[in-house]
Each structure stands twice: as structure tokens, then as C-alpha cells.
Amino acid sequence: MVDAKMLDKMSSAPGFIAALDQSGGSTPKALRLYGVSESDYSGDEEMFRLVHAMRARIMSAPAFSGEKVIAAILFERTMDGEVDGQAVPSYLWEKRGVVPFLKIDKGLEAEENGVQVMKPMPDLDALLIRARQKGIFGTKMRSVIAHADKAGIAAVVKQQFEVARQIIGHGLIPIVEPEVSIDSPTKQQAEAILRDEILKELDKLPAGENVMIKLTIPTVADLYAPLIAHKSVIRVVALSGGYSTEDACEKLSHNHGMIASFSRALAENLRVTMSDAEFDASLTKTIAQIYAASVDKSDARESALV
């Protein structure tokens, strides 16, 4: 069974999702932006220790609470780690009021038909069982769309929903994330195809089965209003996709009912050399900015089609 209190928060609370799920391939870049160069560590274990320290600093900052940050997406190693001596998922929910999600995909296949589908996840059932035991509420998995290829986009969406049904079977809420590259020369056309393919899959879901959807902020404002209004959708959230915090928030503000799920944009102005006071002040400002772009629209499901 899905946790009722967490479900209520994800369905109705104002705020946004913090994506703290950089994995092996994207971790060096995240650390570089934080001011930690690759010459500052040796090997993956030290790299992951440093990025966990960064994430722990974010999660334990005063502004990082359920008042504005309603959920956080975790990398598997983060789920297995601790903050202040407490397991991360329980720390987030019990101490911060933040709903924990887990990134589950294992990366992307090579591009074909203008898209990259997810690599196989043969150990997914075991991971989902472990995630539930640790108090995880839901999961996130990412594919990438580079071009407006209908067959490619249909394949991405089909795979996402096949895995989503597996996740739902474990009593977890899946975040379906077919990301359209912000550099795509056919971004607007790809987004229109994507919306229609997602609607087809949503209409196939049995009553009572629910998903969340994470998407690139669309070129045409409110393009995803039909998804937001769909009975099987808990929330539609936006990834920052490489936009700056300023640009991502500005673009998001034009999309009613869509809330942020930002990664790089959340940590953009944080540096390892900051004092705790400087770090907390910077994070507080960014959280307020992202919250403002998300709030007042988070309860707009009914008005999304008006």
C-alpha cells in the first residue's frame, strides 16, 4: 500500500521536488559546479563520499523542509546513506517532512530513432523491495528524446509505462520521465507527439493506478494541461534540463499546475568553500525562487484546461 500521508502531500501540498539523484556519470559535473575538481579526489568511492556530503549539507539546511520542498529524489547510494546518524529516507520524512523518491534507471542505450531508451533493469524487483523497506514512496526513471520521431517517442513512452506498471505492483508511485532535450531542433514538435503518446498510455491504466510525470518545460506554455488534468496523474513536474535557475523558473511560471523538480538549478549557486551561513543563505534564496515559480499553480488541476 502507498503511504497515505505521503500521497496526500504529493497530491495537494504546495512546493517543489528537489532532485538529488546525480549518478555516476553526472556526479563529476555536479561536484565541479560545487567547486570540487576531479583532482580533489581519487576513485569512485571518494567521489561518492564527497557528493553525499554535499547532499547531506543541502538536506540538513534550515530552508530544506517540507514547507517548500515537498519531496526529494535520491540516488541509490544516497538512499543507503545517513544524515546526522539517521537513514536518509527516514531523516527526510520524519525530520524534514520531505517525501523520499528513488532514481532507479541504470542509464541510457545509444540513440536510435531520435531517442535513448533506458538500459535493462534486471534487478529492479529486488531494488523496489529494498526501497519500500527503507521507506521510499516512489521512483524516478529517465529516457531522452532528441528529435521529433514518432516511432522513437512511442517506444520511449511504451517502455516508461511498462516499467511504471512494475513499480505500481510494488506499492510505489512511479515518476515517468521522458526528457525532451532543450537543444533539440524539433523540441516543440517532439513535445506535442510526446503529450499525445503519454495520454494514450494514461488512458490504459486501470482505475486506482497512478503515476507522476516529469517533463522538460514545454516551448508552448500549458501544453501539458491535459496530462495535469488526467485522473491517473498525481502531479506533473518540470526538470530544469540545463536551463539556469533564472530561466527555468521564468519558463515554469507560465505553466499552470506544473511544479519544479530541479537538480542542477537547485544547487547552481552553492559552493563547497561557503561558510554554513553563506551556504544556508544562498540555498534559502534559491528555494524561495523555485517555490515561487511552482506555487499558486500546484492546485490548478481543475483549472488547467480552462
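In this text the structure is predicted, and so the values were computed from the model without any measurement.
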*State whether the number of non-hydrogen atoms from other residues, nucleotides or ligands found under 6.0 Å of Glu46 atom CD is greater than 12.*
yes
*Is any NZ, NE, NH1 or NH2 atom of the basic residue among Lys119 and Asp105 found under 4.0 Å from an Asp or Glu carboxylate oxygen of the other?*
no
*Determine, for Glu38 against Lys29, whether the closest basic-nitrogen to carboxylate-oxygen distance falls under 4.0 angstrom.*
no
*Are the charged groups of Arg165 and Glu201 less than 4.0 angstrom apart, N to O?*
yes
*Flag yes if more than 12 heavy atoms outside Lys134 fall under 6.0 Å of its NZ atom; otherwise flag no.*
yes
*State whether the side chain of Ser12 and the backbone N or O of Asp8 hold a donor-acceptor pair below 3.5 Å, judged by distance alone.*
yes
*Charged N to carboxylate O below 4.0 Å: is that the case for Arg77 and Glu45?*
yes
*Using modelled atom types only, decide if a donor and an acceptor are shared between the side chain of Ser184 and the backbone of Ala146 within a distance under 3.5 Å.*
yes
*asked:* Closer than 3.5 angstrom, by distance alone: can the side chain of Glu191 be matched with the main-chain N or O of Val180 as a donor-acceptor pair?
replied: no
*Count the heavy atoms of every other residue, nucleotide or ligand shown that sit under 6.0 Å from CD of Glu109, and state whether that count exceeds 12.*
yes
*Is it true that a side-chain atom of Ser240 and a backbone atom of Gly242 form a donor plus acceptor pair closer than 3.5 Å?*
no
_Donor-acceptor check, side chain of Ser253 to backbone of Glu250, threshold 3.5 angstrom: yes or no?_
yes
_Side-chain donor/acceptor of Gln188 to backbone N/O of Val220, under 3.5 Å_ = no
*Could Glu76 and Arg130 be called an ion pair, given the rule that one side-chain N must be under 4.0 Å from one carboxylate O?*
yes
*Passes ring pair (Phe, Tyr, Trp, His ring centres under 6.0 Å), Phe137 versus Phe101? Steps please.*
CA-CA 6 Å; Phe137 172 75; Phe101 283 79; 5.5 Å; yes
_Keeping Asp203 on the side-chain end and Lys200 on the backbone end, is there a donor-acceptor pair under 3.5 Å?_
no
*asked:* Tell me which one of Arg271, Arg57, Glu268 satisfies side chain to side chain donor-acceptor pair (under 3.5 Å) with Tyr34.
replied: Arg57
